[in-house]
Each structure stands twice: as C-alpha cells, then as structure tokens.
Asker: 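Got a structure for you, questions after.
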Amino acid sequence: MTVAVNSVSAPSAVRRPVQWNTPLTYALALAVAAVSIAPVVYVVVGGFRTTPQIVADPAGLPDPWVWENYSRVLTQSDFWRQAFNSAVVALGTTLGVVVLGMAAAFVLARYTFRGREALYTFFTLGLLFPAGAAILPLYLLLRDLNLINSYYAVILPQVAFSLPLTIVILRPFLSAIPRELEDAAAIDGAGRLGFLWRIVLPLSRPAVVTVGILAFVASWNAFLLPLLVLGDVSLHTLPLGVQNFSSQYTTDTAGVLAFTSLAMLPALLFFTLAEKQIVGGLQGAVKG
C-alpha cells in the first residue's frame, strides 16, 4: 500500500524547470528593448533634421541629413561649461558613493556588533524614501550651511541618496569573502585597512564598478536637485542646459533634439560600455 502511494505521488513532486529560451520570451525582450531604445533613436535622428521636416513628418527620416544642429551646439561655450559642471558633479558623487559605501558596507559585512542588522535595515529603508519629499528641508539645510550655488550642494545630497542602494549591492560581496583570507592576511601582517585595500577591493571589483556606474549615470541625469540649489547660471549642469536651450529656442525643435542628444550621450556611452560589469555586480548581489 505504501509503495502504491509513493508511486502515485512521486510524479507530482517533480517540478519542471522554467524554460526561458522560448519564442514568447524573446518576443517580450525585443518589445521591451524597442520601447526603451525607440525614444533615444528618435531624439538622435531628429537632431539631423530641420524643424520644418519634423513638423511635416514627425516620424520620418532626415531627407537630407542636416549636421548644422549638432555643429551649432558643439560650438557654444555654454554647452561645454555645462558639460564640465556635469562632469565635476558626477565624478565627485561617484567618488563619494564608492568610498563611503565601501567603508559602510565593509563594517556591516565583516564586523560583528550589537545593532548591526538594525543599522543595515535602516540603510535599506532609504530605498523606500522618495528623494522629492526631502527637497524643501534639504534646501533649507544647504542654505543654512552656505552651500547653495556650489558643487557641494549637489554632490553631498546625491551621495547620501545613493548610499542605501550602494550598501545593498556591496554588502553581499564583502560577506561572501572567506574568513580564511582575512586570517591569512592577518598572519602576513596586514591590518583591517590592508585587508580591505589588497584583498577586498580586487575581489569586489564588479560590485564597486556597478555602484560607481549607477551613481555616475544618476548624477549626470539629475535635474530637480541642481534646479533648486544652482541658481548661478555658470554652475548649471547639462540637464539644466537642456531646459535653458529649449526655453531660449522654443521654435527650434531640431536644435533642442540635437542638444538633448549630446547631453545624454556621455552617460549613455558610459552605461553601454560597462553593461557587463553592471550585470555581473547585480547578479552577485542577488546571489549573496
């Protein structure tokens, strides 16, 4: 009787593996890719058209191809000044996120102390906090600290808002490093900082690159915070430059598309070239 029950229930206990290489999966992936890429392609190609062409046929191709829009943007000193400001803010934010995030994640992953998990939970709750809700008190705080109209007014808040995601990604990598390596490093005379610099950083390179890229791209594309704290036009970043250009040339749709294309190009190229690093870093964080 027992054998009969087992023979009947055994097939129902077998789970079929999920098949991802199906035509439907590829179709959905292509649809998502098309929805994501189509606006970017439209903006880039639109910069090679004239405004009358766009008005007459919004979805058409350039006929003929016009290079004047891009050359006009590239010869403007405002564009290069805004690109420099964006680079300073993005690189400063990336450096702060990587250094502080690595330090915090290292402590939360390798040290044992009372309240460690509560502190980690506190950081993860930051993922649920909308940055827009803190804009007004943040502005008042930066004003009281005399940081308005400075790079620090953008860099410091962006670092703070990026730390939760950074710690969530880095901590699993640091926790997965075997204790034997730390013991061997201690025997060789390496302290905590030596272990972090010589062993932890090289082994956590995918995660470090991932958080750095995410911080750079988010900072490069930031609009609301620079809009509120950078009243000085000479400190405007490229997202603010796009707004200024579109306000100044409201009837030049093709020129606005060209300016927008050039403004998003560095972040787009940076993200595309480092795509494998991002995927590897996120996979490691999920497995950890």
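Along the sequence shown, the residues carry numbers beginning at 1.
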Asker: If I compare all heavy atoms of Leu108 with all of Leu119, which pair ends up nearest, and what's the gap?
Answerer: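 It is CD2-CD2, 3.8 Å.
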
Asker: Can we say Asp188 and Arg198 salt-bridge, meaning some charged N sits less than 4.0 Å from an Asp/Glu carboxylate O?
Answerer: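 Salt bridge absent between Asp188 and Arg198.
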
Asker: Assess the side chains of Thr93 and Gln158: does a donor N or O sit below 3.5 Å from an acceptor N or O?
Answerer: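 Result is yes, a qualifying pair exists.
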
Asker: Please name the pair of heavy atoms, one in Tyr120 and one in Val168, separated by the smallest distance, quoted to 0.1 Å.
Answerer: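 Heavy atoms only, the tightest pair is OH-CA, 3.9 Å.
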
Asker: Ignoring hydrogens and geometry, is there a side-chain-to-backbone donor-acceptor pair from Trp220 to Leu238 under 3.5 Å?
Answerer: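 No; zero donor-acceptor contacts below 3.5 Å.
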
Asker: Using modelled atom types only, decide if a donor and an acceptor are shared between the side chain of Asp252 and the backbone of Thr51 within a distance under 3.5 Å.
Answerer: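 Judged by distance alone, no pair lies under 3.5 Å.
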
Asker: So do the side chains of Phe195 and Arg110 get within less than 4.5 Å of each other, counting heavy atoms only?
Answerer: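 Yes; the side chains approach each other to less than 4.5 Å.
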
Asker: Are Val45 and Phe259 grouped together when hydrophobic residues (ILVMFWY) are joined by side-chain heavy atoms under 4.5 angstrom apart?
Answerer: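 Cluster IDs for Val45 and Phe259 differ.
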
Asker: For the pair Asn149 (side chain) and Gly231 (backbone), establish whether a donor and an acceptor sit closer than 3.5 Å, ignoring hydrogens and angles.
Answerer: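 Flag set: sc Asn149 to bb Gly231 pair under 3.5 Å.
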
Asker: For the residue pair Leu174 and Ser204, establish whether any side-chain heavy-atom pair is separated by less than 4.5 Å.
Answerer: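 Leu174 reaches Ser204 side chain to side chain.
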
Asker: Can Val41 and Val44 be said to form a side-chain contact (heavy atoms from CB on, under 4.5 Å), step by step?
Answerer: CA-CA 5 Å; Val41 174; Val44 174; 5.9 Å; no

Asker: If you take the centroid of each ring, where Trp contributes its six-membered ring, are Tyr70 and Phe48 closer together than 6.0 Å?
Answerer: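 Under 6.0 Å, so yes.
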
Asker: Near Leu193 CG, under 6.0 Å, is it more than 12 heavy atoms from other residues, nucleotides or ligands?
Answerer: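 Counting other residues, nucleotides and ligands, CG of Leu193 stays at 12 neighbours or fewer.
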
Asker: Answer whether the closest heavy-atom distance between the side chains of Leu74 and Phe79 falls below 4.5 Å.
Answerer: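 Result yes, sub-4.5 Å side-chain heavy-atom pair found.
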
Asker: Please report the shortest heavy-atom distance between Val256 and Phe245, naming the atom on each side.
Answerer: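 Nearest pair, atom of Val256 first, then Phe245: N-CE2, 3.7 Å.
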
Asker: Do Val208 and Val98 have side-chain heavy atoms sitting under 4.5 Å apart?
Answerer: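 Yes, at least one pair of side-chain atoms sits under 4.5 Å.
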
Asker: Do Asn69 and Val73 have side chains that get closer than 4.5 Å, going by heavy atoms?
Answerer: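 A side-chain contact is absent here, since even the closest heavy-atom pair is not under 4.5 Å.
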
Asker: Is the distance between the ring centroids of Phe84 and Trp80 less than 6.0 Å?
Answerer: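 No - the distance between ring centres of Phe84 and Trp80 does not fall below the 6.0 Å cut-off.
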
Asker: For Tyr151, look at atom OH and say whether over 12 heavy atoms of other residues, nucleotides or ligands are found less than 6.0 Å away.
Answerer: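 More than 12 within 6.0 Å, yes.
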
Asker: Going by atom type alone, with no hydrogens or angles, which donor-acceptor pairs under 3.5 Å involve a side-chain atom of residues 221-228 and a protein atom two or more places apart or on another chain?
Answerer:
residue : atom : partner : partner atom : Å
Asn221  : ND2  : Val217  : O            : 3.3

Asker: Is Arg114 atom CZ crowded by more than 12 heavy atoms from other residues, nucleotides or ligands, each under 6.0 Å away?
Answerer: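 Atom CZ in Arg114 is not packed in, count stays at 12 or less.
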
Asker: Side chains of His236 and Asn85: is there a donor and an acceptor less than 3.5 Å apart?
Answerer: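 No pair is found: no donor N or O on one side chain lies under 3.5 Å from an acceptor on the other.
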
Asker: Would you mind reporting whether Val242 and Met264 have side-chain heavy atoms less than 4.5 Å apart?
Answerer: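 No; the side chains remain at least 4.5 Å from each other.
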
Asker: Indicate yes or no for a side-chain donor-acceptor contact from Thr250 to the backbone of Ser247 under 3.5 Å, with no hydrogens or angles considered.
Answerer: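 No.
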
Asker: Which heavy atom in Ala104 sits nearest to a heavy atom in Ile167, and how many Å separate them?
Answerer: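 Nearest heavy atoms, Ala104 then Ile167: CB-CD1, 3.7 Å.
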
Asker: Can you see which heavy atom on Pro266 is nearest to which on Ala263, and at what distance?
Answerer: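 Between these two residues, the closest heavy atoms are CD-O, 3.7 Å.
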
Asker: Can a salt bridge be assigned to the pair Arg49 and Glu68 using a cut-off of 4.0 Å between side-chain N and carboxylate O?
Answerer: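 Salt bridge flag = no for Glu68 with Arg49.
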
Asker: Within a strict 4.5 Å, meaning less than it, do heavy atoms of the Ser162 and Ser219 side chains meet?
Answerer: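 Side chain of Ser162 against side chain of Ser219, heavy atoms only: no contact under 4.5 Å found.
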
Asker: Tell me whether Ser86 contacts the main-chain N or O of Ala83 through its side chain, where contact means a donor paired with an acceptor under 3.5 Å.
Answerer: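 Not at all, since once roles are kept as given, no pair shorter than 3.5 Å links the two residues.
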
Asker: Near Tyr152 OH, under 6.0 Å, is it more than 12 heavy atoms from other residues, nucleotides or ligands?
Answerer: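 It does not: Tyr152 OH has 12 such atoms or fewer within range.
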
Asker: Cationic tip of Arg192 within the cone over Tyr111's six-membered ring, i.e. under 6.0 Å and within 45° of the normal?
Answerer: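 Relative to the ring axis of Tyr111, which defines the angle, Arg192 lies inside both limits.
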
Asker: Using a 4.5 Å cut-off on heavy atoms from C-beta on, say whether the side chain of Leu235 contacts that of Arg81.
Answerer: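 SC-SC contact between Arg81 and Leu235 ruled out.
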
Asker: Side-chain heavy atoms nearer than 4.5 Å, only ILVMFWY residues, links allowed to pass through others: does that put Val211 and Val107 together?
Answerer: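 Looking at the clustering, Val107 is in the same group as Val211.
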
